[in-house]
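In what follows, a structure is listed as structure tokens, so that the remarks can point back to it.
Just so we're on the same page: letters track the sequence lines, and every chain starts at 1.
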2 protein chains.
Amino acid sequence: MSQARIIDGKAFAAQLREQVAAEVARLKAEHDLTPGLAVVLVGEDPASQVYVRSKGEQTLAAGMHSETHRLPAETSQAELLSLVERLNDDPAIHGVLVQFPVPDHMSQAAIVAAISPDKDVDGLTVTNAGRLASGLPALTACTPAGCMVLLRDVVGDLRGKRAVVVGRSNLMGKPMAQLLLAADCTVTIAHSRTQDLAAVCREADILVAAVGRPQMVKGDWIKPGATVIDVGINRIPKEDGKTRLVGDVDFEAAKGVAGAITPVPGGVGPMTIAMLLANTVSAAKRLNGIAG
Amino acid sequence: MSQARIIDGKAFAAQLREQVAAEVARLKAEHDLTPGLAVVLVGEDPASQVYVRSKGEQTLAAGMHSETHRLPAETSQAELLSLVERLNDDPAIHGVLVQFPVPDHMSQAAIVAAISPDKDVDGLTVTNAGRLASGLPALTACTPAGCMVLLRDVVGDLRGKRAVVVGRSNLMGKPMAQLLLAADCTVTIAHSRTQDLAAVCREADILVAAVGRPQMVKGDWIKPGATVIDVGINRIPKEDGKTRLVGDVDFEAAKGVAGAITPVPGGVGPMTIAMLLANTVSAAKRLNGIAG
């Protein structure tokens, strides 16, 4: 049985970060513009601390301006919103990201609604969802945008390909479907109510799994030769009492059937922060009327 | 061969208009609120004149306030936009509709962007597209919303049904897909780039054709027993030199295969204005903080 190509997300992400760094250098030299990203973290969630630190480090490494605002867990929503407003108005900042989850006394929807759509580098606002759905230029959620970068390289011409997206979250499944549709794929969105999900998945030339259920997609759900993008990151127990990360796809079984597949970790994951940097550069250019 | 149930859109529309009229009567009696719809027509397009007159008549017949603003073809875009702004601010108006097409010297996108999302009863603004895509309450384009009313009645429980939407316009295909997804269908969006469209259509328990190509969907593209919603309205020549209206589906062939099908005319068409009235009532209630 032939083995699938393993898509090296780390290498793609490194390449994308290099492109971003080169573009940042050009913007500095030609336009005296340094793209800036502000990340806001409320509280002490350990996973969020790790993400926020990585985002800050990678932003700096790309030659960009980075700000991290760490607020105590007991910060009021009004205080957070006024910080967001200040960042919306700050000409040195082109991307504003509030790390979720926020403490329970805050409304995620209210926070998202406060972010300027022009600086919404996570692509979460209603305005960017509407622009994406309407075929207008939009800031698009980083993970689906990163998946598209991988797919364009691995698959090449996406036109007319059958794509199946499993999962329909606002952050991942829905924008992923919009991006695949804009790339002229025939797109199916499947979800928890889908009947005979295995058969639906087997139709896919491109299968994107984004449900958050460990190893749910089995090897025989995959059309031979298909490209499989595994967005899931699930922690499961190992025999030795420790844990390990797995995706939404049964990787060992799938790699004997698929034509190409992203591993977990090291597949989609590394692309997300790289796309965040790319989105911030796009936002900086748009806010300053610089084409391309 | 058994014959499909012919879905009587006229009867459904009449029923919906009655429900709207009853709700209007209640809003007047209990809240002293008369929902109002303003329709703006620029120029003398004959088909638009007919549509606009029908809209005005049906609005009045439902007991609502109706305004029709007829502007000469040479009206400047600035004049049109200032009328839209005036209507946005008018508390007697809850729905603002600019009849398209507008003359060539005007930008449809600029006009749509000027309409208050709260009064956007055609569901065209980026805000309403984004709200729909994000699963938030939205004013939704009248034709797909009308199709959903028919489907809920004819099919009943839509959960888990496979729906295929042929066509991906912002006005029809894309919102239709969003509405079917929100109703828990497994949704596929097909279009001009789709390969083996016939086979994709044959997967559908619910097939929605919205491409504007006369009788493109053949009888053998339809899964036996499927529900077929034909959104197309195409004028084709008859042998006697006159013309007749046909849909995007080959109706004569399809009705021997489908379980239920909308005719053209008399299927989806009549639902559109009825949904416009329903959207205006929804907008009036939301603008006045009235629940339900």
Proximal component of B:Leu124, with respect to chain A [non-hydrogen, under 4.5 Å] = neither

Cross-interface N/O pairs, chain B with chain A, donor-acceptor, under 3.5 angstrom:
{"unit_1": "B:Ala133", "atom_1": "O", "unit_2": "A:Lys174", "atom_2": "NZ", "d": "3.0"}
{"unit_1": "B:Ser134", "atom_1": "O", "unit_2": "A:Asn170", "atom_2": "ND2", "d": "2.9"}
{"unit_1": "B:Arg162", "atom_1": "NH1", "unit_2": "A:Glu203", "atom_2": "OE1", "d": "3.4"}
{"unit_1": "B:Arg162", "atom_1": "NH1", "unit_2": "A:Glu203", "atom_2": "OE2", "d": "2.7"}
{"unit_1": "B:Arg162", "atom_1": "NH2", "unit_2": "A:Glu203", "atom_2": "OE1", "d": "3.2"}
{"unit_1": "B:Arg168", "atom_1": "NH1", "unit_2": "A:Leu181", "atom_2": "O", "d": "2.9"}
{"unit_1": "B:Arg168", "atom_1": "NH1", "unit_2": "A:Asp184", "atom_2": "OD1", "d": "2.9"}
{"unit_1": "B:Arg168", "atom_1": "NH2", "unit_2": "A:Asp184", "atom_2": "OD1", "d": "2.7"}
{"unit_1": "B:Asn170", "atom_1": "ND2", "unit_2": "A:Ser134", "atom_2": "O", "d": "2.9"}
{"unit_1": "B:Lys174", "atom_1": "NZ", "unit_2": "A:Ala133", "atom_2": "O", "d": "3.0"}
{"unit_1": "B:Leu181", "atom_1": "O", "unit_2": "A:Arg168", "atom_2": "NH1", "d": "2.9"}
{"unit_1": "B:Asp184", "atom_1": "OD1", "unit_2": "A:Arg168", "atom_2": "NH1", "d": "2.9"}
{"unit_1": "B:Asp184", "atom_1": "OD1", "unit_2": "A:Arg168", "atom_2": "NH2", "d": "2.7"}
{"unit_1": "B:Cys185", "atom_1": "O", "unit_2": "A:His191", "atom_2": "NE2", "d": "2.6"}
{"unit_1": "B:Thr186", "atom_1": "OG1", "unit_2": "A:Thr194", "atom_2": "OG1", "d": "2.8"}
{"unit_1": "B:Val187", "atom_1": "N", "unit_2": "A:Ile189", "atom_2": "O", "d": "3.3"}
{"unit_1": "B:Val187", "atom_1": "O", "unit_2": "A:Ile189", "atom_2": "N", "d": "2.8"}
{"unit_1": "B:Thr188", "atom_1": "OG1", "unit_2": "A:Thr188", "atom_2": "OG1", "d": "2.5"}
{"unit_1": "B:Ile189", "atom_1": "N", "unit_2": "A:Val187", "atom_2": "O", "d": "2.8"}
{"unit_1": "B:Ile189", "atom_1": "O", "unit_2": "A:Val187", "atom_2": "N", "d": "3.3"}
{"unit_1": "B:His191", "atom_1": "NE2", "unit_2": "A:Cys185", "atom_2": "O", "d": "2.7"}
{"unit_1": "B:Thr194", "atom_1": "OG1", "unit_2": "A:Thr186", "atom_2": "OG1", "d": "2.7"}
{"unit_1": "B:Glu203", "atom_1": "OE1", "unit_2": "A:Arg162", "atom_2": "NH1", "d": "3.4"}
{"unit_1": "B:Glu203", "atom_1": "OE1", "unit_2": "A:Arg162", "atom_2": "NH2", "d": "3.2"}
{"unit_1": "B:Glu203", "atom_1": "OE2", "unit_2": "A:Arg162", "atom_2": "NH1", "d": "2.7"}

Close side-chain approach of A:Val40 and A:Leu87, heavy atoms under 4.5 Å | yes

Of the listed B:Leu197, B:Val187, B:Leu136, the one with the largest count of heavy-atom pairs under 4.5 Å with chain A is B:Val187

Check the pair A:Val228, A:Val217 against side-chain contact (heavy atoms from CB on, under 4.5 Å), reporting the backbone distance first and the verdict last.
-> CA-CA 10 Å; A:Val228 178; A:Val217 175; 5.9 Å; no

Salt bridge (charged side-chain N to carboxylate O under 4.0 Å, His left out) partners of residues 135-150 of chain B, not counting sequence neighbours, each pair once = none

Please tell me if the side chains of B:Leu132 and B:Leu179 come closer than 4.5 Å, counting only heavy atoms from C-beta onward.
-> yes

Would you mind reporting whether B:Ile7 and B:Val268 have side-chain heavy atoms less than 4.5 Å apart?
-> no

Using a cut-off of under 4.5 Å for heavy-atom pairs, which of B:Gly160, B:Cys185, B:Ala129, B:Ala109 has the most such pairs with chain A?
-> B:Gly160

side-chain contact (heavy atoms from CB on, under 4.5 Å) assessment of B:Ile229 paired with B:Leu207 = CA-CA 6 Å; B:Ile229 303 289; B:Leu207 179 61; over 6 Å; no

Between CG on residue B:Leu276 and CG on residue B:Leu37, distance to nearest 0.5 Å = 5.0 Å

